[in-house]
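Just so it is clear, the model here is predicted, and its values are computed rather than measured. Chain A is the first sequence line, chain B the second, and so forth, proteins listed ahead of strands; every chain is numbered from 1.
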There are 4 protein chains.
Amino acid sequence: MTLTEQRVRAAAVKLFADKGFHGTGIRELAQAAKISSASLYHYMGTKEELLEGIMCECLDRLLAAARQVPASDPRDRLAGLVALHVLTHAIEPAQTRVVDHEVHVLSPEARSEVVRRRDEYERLWAETIEEGIAAGVFHDTRPTLTRLALLEMCNGVSRWYSPHGPLSLEELATHFARLAIRMLGGEENDFSATVGHARSVVSTVWKRTL
Amino acid sequence: MTLTEQRVRAAAVKLFADKGFHGTGIRELAQAAKISSASLYHYMGTKEELLEGIMCECLDRLLAAARQVPASDPRDRLAGLVALHVLTHAIEPAQTRVVDHEVHVLSPEARSEVVRRRDEYERLWAETIEEGIAAGVFHDTRPTLTRLALLEMCNGVSRWYSPHGPLSLEELATHFARLAIRMLGGEENDFSATVGHARSVVSTVWKRTL
Amino acid sequence: MTLTEQRVRAAAVKLFADKGFHGTGIRELAQAAKISSASLYHYMGTKEELLEGIMCECLDRLLAAARQVPASDPRDRLAGLVALHVLTHAIEPAQTRVVDHEVHVLSPEARSEVVRRRDEYERLWAETIEEGIAAGVFHDTRPTLTRLALLEMCNGVSRWYSPHGPLSLEELATHFARLAIRMLGGEENDFSATVGHARSVVSTVWKRTL
Amino acid sequence: MTLTEQRVRAAAVKLFADKGFHGTGIRELAQAAKISSASLYHYMGTKEELLEGIMCECLDRLLAAARQVPASDPRDRLAGLVALHVLTHAIEPAQTRVVDHEVHVLSPEARSEVVRRRDEYERLWAETIEEGIAAGVFHDTRPTLTRLALLEMCNGVSRWYSPHGPLSLEELATHFARLAIRMLGGEENDFSATVGHARSVVSTVWKRTL
DNA sequence: CATGAATGAGTCTTCATTCAT
DNA sequence: GATGAATGAAGACTCATTCAT
């Protein structure tokens with residue numbers, strides 16, 4: 001991916017997140033990427049393909065990160081998944097908001113690509129929860145429901161977290177991990193190691209120092 | 001509000017929820033409301049004012065409902081707020097999705113109208129949580145953070161709940177109330193009365209039999 | 001069909017004939033029809049549908065006219081068909097040129113509509129020729145080939161005939177009828193009555209005094 | 001003319017014939033010629049100049065061929081011209097269709113270049129017809145009209161002849177020669193020698209074995 | 001009360017062409 | 001000799017909105 005391509009994508013992510021896909025004009029996008037609207041089309045297919053690319057890449061990274069969570073105690077594993085998800089949403093609010101808000105725009109074919117990734121990702125959460133229940137460390141009568149609640153709770157982070165606020169990434173992730181364990185009726189651990197590991201994974205996957 | 005006005009608003013709610021504000025055309029809207037696009041303008045101001053009206057009304061109803069939650073034990077009160085919120089999102093997914101997703105479209109003035117209502121609504125949650133902590137029935141070190149997590153978790157319901165699924169409204173509300181109490185480190189009660197009350201309030205406010 | 005619709009269609013016919021379908025811009029068309037390019041879309045579907053409409057209507061008229069040629073002596077009948085075709089191409093060169101030149105533009109579905117009409121029309125010619133041969137008044141070893149030659153020869157009229165030139169419509173039609181009979185090895189008649197009839201049919205079908 | 005130039009020209013001929021000049025994009029052309037659209041401009045001037053080149057070359061060849069028709073009996077000479085024209089249109093339908101259909105695209109200057117050649121070519125036909133009438137072997141009261149009819153009839157071949165059909169080039173040319181003579185009220189000859197000669201001329205001029 | 005007609009500004013996308021590398 | 005990058009202008013078409021009837 002060339003530098004210009006990256007600039008285009010970055011501009012698109014920001015605009016799509018702020019004003020929505022349909023609320024973002026191609027000229028606006030071109031201006032933000034500092035090229036002409038005609039040149040835009042050297043670096044992308046259609047506007048929709050650009051969106052699809054953004055969403056898939058983001059989900060692929062999220063998935064790649066989630067796969068690096070060690071398969072240890074279900075509590076630690078869930079804490080790891082939560083920390084990772086929350087950290088990602090905190091440091092990449094634009095990308096994650098696009099993933100969460102603009103699925104309805106996609107054509108059926110593109111949508112299925114995105115949904116497939118999302119499902120695969122959620123399966124990791126489901127498995128962890130099930131394991132925890134089977135192992136007796138989680139106590140919950142409606143694990144599916146709880147999983148949905150959990151995910152939405154974590155997605156929300158990209159809508160309100162600000163790096164300029166008083167809350168550090170560490171604190172954020174730790175608290176959400178704690179909340180998740182509580183929701184599943186598990187005993188609270190010390191998650192500092194888990195959160196630390198999640199932090200380094202996220203840092204690697206997104207090539208950013210946290 | 002005339003019958004036609006209601007038809008317009010209902011059509012707008014459905015379309016805005018499904019395709020987004022910018023993804024919905026005025027002609028499409030007219031067609032769904034079964035009038036001509038010119039006639040539309042007898043029943044609304046601009047497209048944006050229509051959106052503002054939808055959002056404000058929805059928030060007003062939510063607020064009106066929340067104010068009917070009795071100021072009893074903080075646990076019951078929180079359970080009531082959660083049940084109410086979740087039930088509303090379950091039976092009115094279109095309206096609530098519009099409220100949650102289309103704020104960025106509004107002009108600053110219109111947005112402040114919406115935000116004001118939202119803030120007022122959230123204050124009720126914040127107060128309840130604080131009371132619970134003060135009373136020692138909740139145990140949480142970051143109540144603000146938890147409140148945000150809680151709200152996002154509940155908002156999510158409108159994105160995935162289906163009345164055709166196996167989950168009844170009662171079960172949904174009860175489980176979410178339980179999750180909320182867990183998140184705040186409170187002891188689980190029997191929330192059936194609280195949920196029942198919430199149900200009747202929602203039923204009244206939205207004039208629908210549940 | 002409203003007056004404006006007619007103006008649009010007339011402008012389109014002229015422009016498509018002069019500059020080709022792809023050579024004619026929508027703004028150019030709007031200007032020629034004296035409305036804005038946006039208003040254009042109140043009176044037409046897509047540009048292609050406009051073209052299809054023009055072609056089908058023209059062919060329908062040609063067909064309607066051809067069906068009024070009396071089924072008398074094959075020589076007279078052929079002379080009638082030729083006169084009619086030639087007169088039409090002489091007085092409506094724009095429409096007929098569009099029909100003859102822009103078929104390749106159409107989508108398969110639209111094309112089949114046009115081709116169906118064209119085929120039906122040519123069948124009338126084919127039948128007449130066959131009858132003439134069967135009756136022994138025409139002598140030709142390759143009637144299909146001759147029919148194609150005949151049609152192309154007559155189509156050509158719209159490319160060069162000028163009403164301002166020295167040649168009257170009567171003379172034009174009479175000579176072409178004579179040429180056609182010669183091509184089929186038939187004996188030359190006096191075609192004045194036949195041509196006169198064709199003239200009045202064309203006049204009626206196109207609502208123009210010749 | 002380099003090999004690449006030939007490839008470009010061949011691609012252009014095919015595309016212009018199939019989709020029209022304005023219906024053919026420069027990128028499409030480049031792709032068909034298997035070079036980049038930028039490289040295209042090493043082998044051509046503007047798109048219009050490319051068209052002009054194609055048309056002029058085609059007409060030049062037609063003219064060169066026509067000049068090789070021996071000045072014998074006017075009937076044989078006309079038969080020769082017709083055979084040549086028809087054969088050319090049969091074996092080079094793309095080129096001849098471009099010549100016949102895309103004149104309107106050209107700028108006045110370019111157009112005059114084309115028209116000059118066309119006129120010169122048609123003069124050969126006119127002379128032949130006049131000679132025949134003067135010599136008493138043709139009997140026609142409107143030679144100009146007949147010439148136009150003749151030419152259009154022959155041009156038409158490129159629109160419908162298929163080498164995969166049952167009709168051989170020989171049969172095609174022979175029948176058209178016969179038709180032409182009939183149209184001019186001449187006596188039918190045996191044109192096999194004339195057609196044979198036309199065939200070899202066309203074969204030479206276009207460097208193709210027929 | 002209702003709507004067909006109208007439009008300027010906008011939509012996304014492609015156009016033919018140039019030029020630095 | 002070849003081409004990726006670049007673009008102003010234009011392509012067809014839709015937008016939200018107004019207004020006379």
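- Straight-line distance from the NZ atom of B:Lys34 to the P atom of E:dA2: 15 Å, rounded to whole Å.
- Take D:Ser37 and apply the side-chain contact (heavy atoms from CB on, under 4.5 Å) test, not counting sequence neighbours, and it matches D:Ile26, D:Arg27, D:Ala30.
- Taking for each of B:Tyr43 and C:Leu40 the nucleotide of DNA chain E with the nearest heavy atom, the 5'-most of the two is the partner of B:Tyr43.
- Across the protein-nucleic acid pair, A:Arg7 atom CZ and F:dA5 atom P stand 12 Å apart, rounded to whole Å.
- Ionic pairing of C:Glu57 and C:Arg9 is present here: one or more N-O contacts between side-chain nitrogen and carboxylate oxygen are shorter than 4.0 angstrom.
- In this structure, B:Arg61 and B:Thr88 have side chains that are not in contact, with every pair of non-hydrogen atoms separated by 4.5 Å or more.
- No side-chain heavy atom of A:Glu48 sits less than 4.5 Å from a side-chain heavy atom of A:Glu102.
- Consecutive pairing runs in DNA chain F reach the stem threshold at E:2-21 with F:2-21, where a stem means at least three Watson-Crick or G-U wobble pairs with distances under 3.5 Å.
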Could you give me the CA-CA distance, side-chain angles and deciding distance for D:Arg118 and D:Val99, then say whether side-chain contact (heavy atoms from CB on, under 4.5 Å) is met? CA-CA 10 Å; D:Arg118 183 100 219 162; D:Val99 170; 3.9 Å; yes
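- Taking the side chain as every heavy atom from C-beta outward, B:Trp206 and B:Gln95 approach each other to under 4.5 Å.
- To the nearest angstrom, C1' of E:dT7 lies 16 Å from CG of C:Leu29.
- When rounded to the nearest whole Å, the span between CD of B:Gln31 and C1' of E:dT3 equals 15 Å.
- Contact of the D:His104 side chain with the C:Asp18 side chain is not registered, since no non-hydrogen atoms from C-beta on lie closer than 4.5 Å.
- At least one side-chain heavy atom of A:Glu49 sits under 4.5 Å from a side-chain heavy atom of A:Thr46.
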A correct 5'-to-3' footprint of nucleotides 13-21 of chain F, with B, S and - meaning base, sugar-phosphate only and no protein heavy atom under 4.0 Å, is BB-BBBB--
